[in-house]
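These numbers come from the heavy atoms of this one structure, side chains and all, not from hydrogens, waters or symmetry mates.
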Amino acid sequence: MDNAPRYLAFAGAKLVAEGEVSEVLPTIKLRFDRSPSDTVFVFDVTTGRQTDFDLRGTLEDALARVHVGEHRGPGRPRLGVKSREVALLPRHWAWLEEQPSGISAAMRRLVEDAMKKAPGPERARRIRAALSNVLTALAGDRPHYEEATRALFKNDVERFEQLVARWPGDLRDYAVRQARAAYEAEDSEGGVGRE
């Protein structure tokens, strides 16, 4: 899928899997089967929110639950689509009703286009917010965490890298990669950028 969510899986400070659910779930399922008490933290890369997968049964069972989801109402649960209410003005509804692909498809297309065209500073803000969520869960007790977070949101990537330099390798490398991505996104369209 083009817009399939991407995930990170950390066991402590070690990155054990990264990618789409079909790439991440087998690794965490294998770890779970070997040691059910082994704690693996899984995060949605885009939001940084922690995600839990139901790992009971076989790998195929776990994958099927992810793809079908718990949603039983309107929408297309196999595609991860959930029905929600949207309030629009009559002229918006009229325009949407004229779209050849239908209202839902037109709205999804508009949202996807807007997400792709988000200005650099907005993309940078989302990357930083997601990274902050991950770091709060995994590095909140690490040395210089608070100062590193301040440097991240000030777009001081050089200072951020100095502050996280002694963190465990996988955690540090992911944090630096995302901080640089935010810095580059900010700078790409005349944001705060380089000082």
Under the 3.5 angstrom rule, does the side chain of [X] hit a backbone N or O of [Y] as a donor-acceptor pair?
X: Gln99; Y: Leu96; result: no
X: Lys29; Y: Leu59; result: no
X: Trp167; Y: Pro143; result: yes

Checklist line | Pair Arg126, Thr46: side-chain N/O donor-acceptor within cut-off below 3.5 Å | finding: no
Notebook entry, point to check: Taking atom types as modelled and ignoring hydrogens, do the side chains of Asn133 and Thr136 form a donor-acceptor contact shorter than 3.5 angstrom?
Noted result: no
Checklist line | Candidate pair Tyr174 and Val45, rule side chain to side chain contact (heavy atoms under 4.5 Å, CB included), full reasoning | finding: CA-CA 11 Å; Tyr174 179 73; Val45 171; 4.1 Å; yes
Mind listing the closest non-hydrogen atom pair of [X] and [Y] along with its distance?
X: Leu63; Y: Ser22; result: CD2-CA, 4.3 Å
X: Val40; Y: Ala9; result: CG1-CB, 3.9 Å
X: Val86; Y: Trp93; result: O-CZ2, 3.5 Å
X: Ala124; Y: Ala185; result: N-CB, 3.9 Å

Item checked: Thr47: side-chain contact (heavy atoms from CB on, under 4.5 Å) partners, not counting sequence neighbours -> Asp44, Arg49
Next item on the list: Assess whether side chain to side chain contact (heavy atoms under 4.5 Å, CB included) is satisfied between Leu131 and Phe160, documenting all intermediate values.
Entry: CA-CA 12 Å; Leu131 177 57; Phe160 179 82; 4.3 Å; yes
Test item: [X] and [Y] side chains (from C-beta on) under 4.5 Å apart, heavy atoms:
X: Asp173; Y: Leu15; answer: no
X: Phe53; Y: Val42; answer: yes
X: Arg109; Y: Ser101; answer: yes
X: Asp156; Y: Glu158; answer: yes
X: Arg125; Y: Pro121; answer: no

Roughly how far, to the nearest 0.5 Å, is the [atom2] atom of [Y] from the [atom1] atom of [X]?
X: Leu25; Y: Phe32; atom1: CG; atom2: CZ; value: 11.5 Å
X: Gln178; Y: Ser132; atom1: CD; atom2: OG; value: 12.5 Å
X: Leu55; Y: Leu30; atom1: CG; atom2: CG; value: 11.0 Å
X: Leu163; Y: Arg150; atom1: CG; atom2: CZ; value: 9.0 Å
X: His92; Y: Met107; atom1: NE2; atom2: CE; value: 10.5 Å
X: Phe10; Y: Ile28; atom1: CZ; atom2: CD1; value: 13.5 Å

Notebook entry, point to check: Are the aromatic ring centres of Tyr7 and Phe41 under 6.0 angstrom apart?
Noted result: no
Checklist line | Of all pairs that satisfy salt bridge (charged side-chain N to carboxylate O under 4.0 Å, His left out), the ones with a partner from residues 127-145, not counting sequence neighbours | finding: Arg128-Glu186
Is [Y] paired with [X] through a side-chain N to carboxylate O contact shorter than 4.0 Å?
X: Asp54; Y: Arg56; value: yes
X: Arg91; Y: Glu98; value: no
X: Arg180; Y: Glu184; value: no
X: Glu147; Y: Arg159; value: yes

Same cluster for [X] and [Y] if Ile/Leu/Val/Met/Phe/Trp/Tyr side chains link at under 4.5 Å?
X: Val164; Y: Tyr183; value: no
X: Leu8; Y: Val66; value: no
X: Leu152; Y: Phe43; value: yes

Next item on the list: Go through the steps to decide whether Asp170 and Val16 satisfy the test side chain to side chain contact (heavy atoms under 4.5 Å, CB included), and finish with yes or no.
Entry: CA-CA 9 Å; Asp170 288 348; Val16 295; over 6 Å; no
Item checked: Listed partners of Arg31 passing salt bridge (charged side-chain N to carboxylate O under 4.0 Å, His left out), at least two apart -> Asp38
Next item on the list: Show your reasoning for whether side chain to side chain contact (heavy atoms under 4.5 Å, CB included) applies to Arg6 and Glu23.
Entry: CA-CA 9 Å; Arg6 295 187 60 78; Glu23 299 166 302; 4.1 Å; yes
